[in-house]
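Just so it is clear: chains get the letters A, B, ... in the order the sequence lines come, proteins before strands, and each one is counted from 1.
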6 protein chains.
Amino acid sequence: MKKQWINELSAPGTVSGQFAVAAKTLRDFARGRFLSMTLADRTGSIAAVLWDDAESIDRSLKLGDIVKVEGSVQEYRESLQVKIDRIGFVDKGTVELGDYRESLADADLVEARLRGQLATIANPWLKTLVDSFLDDSEFMARFRVAAAAKKWHHGFFGGLLLHTTELVELAAAVVPLFPKADRDLVLTGAFLHDIGKIHELEGELAVDYSTAGRLIGHIVMGSQMTLDRTRRIDGFPPTLSMHLQHLVLSHQGELAFASPVVPKSLEAILLHHMDDLNAQANAFMRIIGDTRKRESEWSDYQNIIDRQIWTGDAG
Amino acid sequence: MKKQWINELSAPGTVSGQFAVAAKTLRDFARGRFLSMTLADRTGSIAAVLWDDAESIDRSLKLGDIVKVEGSVQEYRESLQVKIDRIGFVDKGTVELGDYRESLADADLVEARLRGQLATIANPWLKTLVDSFLDDSEFMARFRVAAAAKKWHHGFFGGLLLHTTELVELAAAVVPLFPKADRDLVLTGAFLHDIGKIHELEGELAVDYSTAGRLIGHIVMGSQMTLDRTRRIDGFPPTLSMHLQHLVLSHQGELAFASPVVPKSLEAILLHHMDDLNAQANAFMRIIGDTRKRESEWSDYQNIIDRQIWTGDAG
Amino acid sequence: MKKQWINELSAPGTVSGQFAVAAKTLRDFARGRFLSMTLADRTGSIAAVLWDDAESIDRSLKLGDIVKVEGSVQEYRESLQVKIDRIGFVDKGTVELGDYRESLADADLVEARLRGQLATIANPWLKTLVDSFLDDSEFMARFRVAAAAKKWHHGFFGGLLLHTTELVELAAAVVPLFPKADRDLVLTGAFLHDIGKIHELEGELAVDYSTAGRLIGHIVMGSQMTLDRTRRIDGFPPTLSMHLQHLVLSHQGELAFASPVVPKSLEAILLHHMDDLNAQANAFMRIIGDTRKRESEWSDYQNIIDRQIWTGDAG
Amino acid sequence: MKKQWINELSAPGTVSGQFAVAAKTLRDFARGRFLSMTLADRTGSIAAVLWDDAESIDRSLKLGDIVKVEGSVQEYRESLQVKIDRIGFVDKGTVELGDYRESLADADLVEARLRGQLATIANPWLKTLVDSFLDDSEFMARFRVAAAAKKWHHGFFGGLLLHTTELVELAAAVVPLFPKADRDLVLTGAFLHDIGKIHELEGELAVDYSTAGRLIGHIVMGSQMTLDRTRRIDGFPPTLSMHLQHLVLSHQGELAFASPVVPKSLEAILLHHMDDLNAQANAFMRIIGDTRKRESEWSDYQNIIDRQIWTGDAG
Amino acid sequence: MKKQWINELSAPGTVSGQFAVAAKTLRDFARGRFLSMTLADRTGSIAAVLWDDAESIDRSLKLGDIVKVEGSVQEYRESLQVKIDRIGFVDKGTVELGDYRESLADADLVEARLRGQLATIANPWLKTLVDSFLDDSEFMARFRVAAAAKKWHHGFFGGLLLHTTELVELAAAVVPLFPKADRDLVLTGAFLHDIGKIHELEGELAVDYSTAGRLIGHIVMGSQMTLDRTRRIDGFPPTLSMHLQHLVLSHQGELAFASPVVPKSLEAILLHHMDDLNAQANAFMRIIGDTRKRESEWSDYQNIIDRQIWTGDAG
Amino acid sequence: MKKQWINELSAPGTVSGQFAVAAKTLRDFARGRFLSMTLADRTGSIAAVLWDDAESIDRSLKLGDIVKVEGSVQEYRESLQVKIDRIGFVDKGTVELGDYRESLADADLVEARLRGQLATIANPWLKTLVDSFLDDSEFMARFRVAAAAKKWHHGFFGGLLLHTTELVELAAAVVPLFPKADRDLVLTGAFLHDIGKIHELEGELAVDYSTAGRLIGHIVMGSQMTLDRTRRIDGFPPTLSMHLQHLVLSHQGELAFASPVVPKSLEAILLHHMDDLNAQANAFMRIIGDTRKRESEWSDYQNIIDRQIWTGDAG
């Protein structure tokens, strides 16, 4: 049973507990290598370093393993860090997995918000389709825990549910300003656009791309899942099924971003731009939050968007 | 006085009336040139052709001139076309200019919607700034009649007012979903982002780029207008002025689209993406409308976005 | 019954026969429009023009219609051209469709070459999969007549069969030089890579993109067809199915060319490069052939590859 | 009072003196961080490292602080380096700031060269404008000490004056070969093109981007300063003012390099190309000088221009 | 003997004279084709059209042929145009070729300017090399008459001499400002940079790319000519020869502009930027001149640089 | 005499032998630098580190030196590594150079394969040209030992011979499928395409770019060598020589890849695509081999092609 939680650790202090390995990298120092890790449980994550025998331990550890760790807690670069003295493996069969992953805190609430929005869909075919997903407990189990991306800071368990819910809510706010758009289609598209990620990303305790994710990708898998489901609904209009596949396939907006077709309907162009707006604004909010914590006016340089971000004016 | 209106013309029929020259191009045919024109008044616009003496008439005509036209109305390519037999100039001083431009029909209503949204701004500095524009009857006179773009189909008189109003309304719907953003700043930025266009585009009866518009551009001019106005408000916080200039300068989102700086604050990135979403969705709606009129499922090829657009599923 | 064949027409002469409408465009001339068409039957195609009432005839004609034409044959720009005096519709139910399309002459022979190569596949799963297509008479009927591209000069009926056969033969010649590659996989991938085109392109007598082709594309449709077929083979190894989907999805080589994933296996990179080599070399051969016919050393400028092509040295 | 100068330090030796902090970065080593700094005074700059308590000292130090340093001088990688044992803050009010910055040695001479060239401007409006800057002692004080860029090696105090003077001299040599160009305009444009940098870059003892520099940029600020100044000259021709703004706004030559408009006049295109030639040639000369010092034929790889530079042939 | 000169033609009038065919294109009109030509002699060029039998005459005419023309002169689009009634071939052996090409008027003077600049080269090897070209009467004969580009308006006979001379003069003005550059090398490089054009472009009376020009290009041919010549000078330093080849090969500045290597020495970067400055400024001057002739403030849209050019302010 | 070979070293163990320095880099560690080297002999290569006095030893060592090394062998990161205790120089005149470089094992066999293919060339001019290279013992001596690239793992001695032979064999397999291509030309082009590399890359015991290689490049040098050789064959057809130069100059396929002309003949486009296919497939095979050795399904991220590679399915 888990006795020590990450959010209870403080420095200086000692560690003696069980955690999941959420990330790991061998790093060089002058005359050898050490293992830099991220340990996680459902209360959060913490950096850790291991100096002795780092290479052979790295070879035997896999992402998502649960390890028993003994060591000390230090403050390093204004954050806490575990220095590992002893490490051992824990049989996953003996633990409660939910204890070992940082997850969306209020998943039930978020799911309720999502279900609430989707309940407003009037088109009977789309309603049937959406319900067939919502009523599929196996699908929903995966959809609720899936991450939306691989990187730890973006990719917590439940991230896909939160991202999807935010996009559906944005759609519900924006579509009324464009009355020519089919609201039910846009909401359904927002719900389905990233479902392929439940197969693209895998791992119960750490997130990585699956082989199918790398060879086929979540976009085509999501389109496939949509098609499979509409085929099972008797009489589902083929043009509507094709339009839904188009919404999923085109949602990245450009070929260069791995969409095999660009948006060609009003609903598709709205979905793409709302997804983009949501992603960018969320990234800015996270970076601004981190920067303000450091009491800095300007963020670190963000390579992915080639700029520093301004936290703005407190006045 | 104007006796014949464009929306009353039908084919076959005769024309004898006064219209503004909204566009004109000399075109080649096998052994010479003809003059292809767009005639306009406040009820709409119509294509016109002039065969005789086209080159010398072209030299003496300027965009925005008012001409007296005699000729016939024909159906050509499923539209009406005026074949001009005689043409003469009309002194602008003798006419009511408002009769000669296709304008936003319900400008008062649209302006009221804009004022209504802007009235919700609580920050006293931003309120003072916004009001200083709204209370400036000279500014508002230009702002109300200005076009948002040069091309006729996009650039009707009053287009800038409509575009700005739609963006402010979109901001009011979207910002509540991003509570860390400063709502007053985003709304003010949405109001100011394109004000430079009242100097970039010119013409009372036809829209073209001014020399200042080509040498300086609406983005820098709008930033300049914002700075000038904040300088006149005693005690206006310099950082707030700077942030507003940043919102205006960065709203195109990328250097390649003529913004000299990229969006670096949360408010700037929201403003840019909402402007983009609004522009794309409006273009799609216009193209879909035109395509459905032709009872076609797919639009003509749109060079500017390298695709045909699908009108979608009637079912 | 068809009495006059296109390859029997000469100038000056008269036309009185039935042909398919393989292409049509309204073109402008000085004071109106004329209809420029391509008429076709199985012996070839010929340009045609229609001057009177061009717009209304254009509206009632569809690509692939069969028309009865009366008129004259002229020489125009070193080619034959039909000047249409009278045109009327022919009921497709009354004719032998095969008489009306320019098709691969020796389709049986080409199919035999393809079947011969595919018969060398040893892997039993791939053999079963390939045979399930070859034995599916409905699939083969479409596969044999499908075009490989929309443009008439590239897109004759049977073009897909010829292109596929050439690629399979190239694979059979090249793979032995790369012994680490799985020959059976490469040959199967070459066979399947473009099968989605039987749904992307449509038309019995003229080739155009289908709505599904524009919204989903032949790449994703081909991947889907492959998956559907492997699902029907009991025990088909899932990894092998995934690899085949990857071969189809990645064969264009780059995201910018509409492949949603890039080639990531040895077989995928070989397939992509052989497809590219084959396409480029075929285009060069066609252009060189056309240029030599004109007794010219250099081809016209080829926009698609930004160069003129040299026919080279006769010596 | 300053007792020890950087150009008097030698290795091995001891340090006990006061210097400005011209640059600083926390760097990682195996089990922690050290602080890498550049110390400067008017005689030059030197690298320095501080191992103990590096993180907390980094937090309390700002660029441009003056510090009292005790430690030793070592030779490291063929250069001198200070190893800091003790560090303390010095009140800037107690020192002569000029002692603490590496500055253009012969600024009076360079300014005289600049004034000499500008004195040849004949156009009375441009002469008045240029003189209004040259006679503005506050402006000139900033203009003389400003750096032309942030990077230390490029960005010494006085760098803007030197860069501007060289460009004005280049203009004086080149424009006579293009007699259609307005010499006075080109010289004035060369003088004004980078004046916005006195606000973009800030720091009395170390150079960094100001918040205004990052949100607005030196190009728009320079255009603004030009406009403000011409507004104060009674009767200044508006077209001339607009042309000057265009010269400043367009001098980077392309939108991608942050110019919001591209050069559209003969004077603008000349100014842009001379600025580019000057910048590139100066960079090559600096790199060749550094490379020859190392007695090497080829420079290190220069990422910014993707190549190594050849020092050429001594023969 | 030539009796009628192009600069003596006026409209309305008649033509009966001999001219070179400097350009020709078959153009479509509604029901056929006409031949649009440029006729030239040493006094200038004039547009011409031929309606009857245009296709067969086009087939028998080659660029650079001399033709006897009868017809009339008309004013068309504000320029003169010849309407050809009768056309016949003239044996080139019977005429003075110099009468039939528009050439640099004062070639002797320009050549003297070039020789004057090159006479200042002090390095004995470079002096010997340059003189070996200047003393080679066969080379100079081709160099003096060659065009610098294919397009007629840029590519008059003697254009290469003029372009080279201007660049050498620009180098002589600019290099003194960069004293670390080897003046003799830069001047020699400026002289040699485009010599490959005497083989890339061909035609005595009309300019077109040669087959060698298309397969190898003037850059590699110029490098080859430089190498061949230095090989013939006993003891020519190999490094100097290599540097000269580098100057020629890299002068376009980027791989994308067909230079197989980028500039890597100070002399190479100076040469490239001066060539660029000269080309752009010359293009702007020509366009401004044309625009002012039309009494217009803004030029036509220039596709090659994606902008209109401003003729500027007469005040 | 060499007494210890690299393929006999094991860990833990001692080293006392002579090796070539195939690569070297100074690397930073916390408070200084160490020298990271690759030692090589004909049996392979091994990493080595040297800690003491690293900077001064680095200054006196050159790539390709032979050194006498004493030290120990350790296992480091799953590979062997030499820790150098003592190092001294060895006079190259006293050793057998062939003992000190990793070379193509079966060069005689590979050369025989190449000569066998080239013997099938029937065109007498091409046969004479090819034989003049094959019979030139000085050329063949360099051609046999040259590397095909700089990087050690790609650039072993003899790599150029192997790469050329594989391409010629690929050409022999592919050209028969394109009967319009001139087989003799393609084979000759494949033989000649990279011969410039014998001058671009230099070093008897370590591979680096020569100064000529950086200033001129192997493409232009290979074209030059081809031209020089055809000039020496009496009566060699100039067009054929030009075509061969075109094959060499255009073989990289695009200007951006340093070809100064793009492929414009059927033979040139085939040569380019076969070179590309061969290079990509070889890279994939090497990476897959390395990855399988590590018993991993996916390779490390390959920056040069922006992807990980899949080793595929063992089943």
Side-chain angles (χ1 to χ4, degrees), chain A residues 182 185 189 192-194 196-197 199-200 202 209-232 237-269 271-272, chain C residues 182 185 189 192-194 196-197 199-200 202 209-232 237-269 271-272:
Chain A
D182 182 326
L185 253 172
L192 298 179
H193 83 293
D194 265 352
K197 286 197 170 162
H199 298 304
E200 182 181 59
E202 69 183 1
Y209 286 102
S210 65
T211 286
R214 298 181 211 220
L215 292 180
I216 297 178
H218 80 276
I219 295 178
V220 172
M221 287 192 287
S223 168
Q224 171 75 36
M225 290 163 71
T226 301
L227 172 61
D228 284 349
R229 191 75 61 159
T230 63
R231 281 172 169 174
R232 278 186 248 149
T239 303
L240 190 58
S241 170
M242 188 171 65
H243 200 168
L244 288 167
Q245 291 174 68
H246 179 68
L247 292 178
V248 174
L249 290 171
S250 71
H251 83 264
Q252 309 261 42
E254 296 183 29
L255 300 188
F257 300 146
S259 271
V261 284
V262 292
K264 296 182 178 176
S265 71
L266 178 57
E267 290 76 16
I269 200 76
L271 182 60
H272 159 60
Chain C
D182 182 326
L185 253 171
L192 298 178
H193 83 292
D194 264 353
K197 287 196 170 164
H199 297 303
E200 184 182 57
E202 68 185 1
Y209 286 102
S210 66
T211 286
R214 298 181 212 219
L215 292 179
I216 297 178
H218 80 275
I219 295 178
V220 172
M221 286 192 290
S223 168
Q224 171 74 37
M225 290 163 72
T226 301
L227 172 60
D228 285 348
R229 191 74 63 159
T230 63
R231 280 171 169 174
R232 277 186 250 150
T239 303
L240 189 58
S241 170
M242 188 172 65
H243 201 167
L244 288 167
Q245 289 173 70
H246 178 67
L247 292 178
V248 174
L249 290 170
S250 71
H251 83 264
Q252 309 259 43
E254 296 184 29
L255 300 188
F257 299 147
S259 270
V261 285
V262 292
K264 295 182 178 176
S265 70
L266 178 57
E267 289 77 16
I269 199 77
L271 181 60
H272 159 59

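- In terms of heavy-atom pairs under 4.5 angstrom with chain A, the leader among C:Gln245, C:Arg231, C:Glu254 is C:Arg231.
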Let's go through C:Met242 and A:Ile216 carefully: what are the C-alpha distance in whole Å and the side-chain angles of both, what is the deciding distance for side chain to side chain contact (heavy atoms under 4.5 Å, CB included) to 0.1 Å, and is it a yes or a no? CA-CA 8 Å; C:Met242 188 172 65; A:Ile216 297 178; 3.8 Å; yes
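- The distance from atom CG of A:Leu247 to atom CG of C:Leu215, rounded to the nearest 0.5 Å, is 9.5 Å.
- Applying the salt bridge (Lys or Arg N to Asp or Glu O under 4.0 Å) rule to C:Lys197 yields the partners C:Asp194; only residues at least two apart in sequence or on another chain are considered.
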Kindly list each side-chain donor-acceptor pair under 3.5 angstrom involving residues 259-268 of chain C, sequence neighbours excluded, with atom names and distances?
from     : atom 1 : to       : atom 2 : distance (Å)
C:Ser259 : OG     : C:Leu249 : O      : 2.7
C:Ser259 : OG     : C:Gln252 : N      : 3.0
C:Lys264 : NZ     : A:Arg214 : O      : 2.9
C:Ser265 : OG     : C:His243 : NE2    : 2.8
C:Ser265 : OG     : C:Ala268 : N      : 3.1
C:Glu267 : OE2    : C:Asp182 : N      : 2.8

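- Only the backbone of A:Ala256 comes within contact range of chain C, with heavy atoms under 4.5 Å apart.
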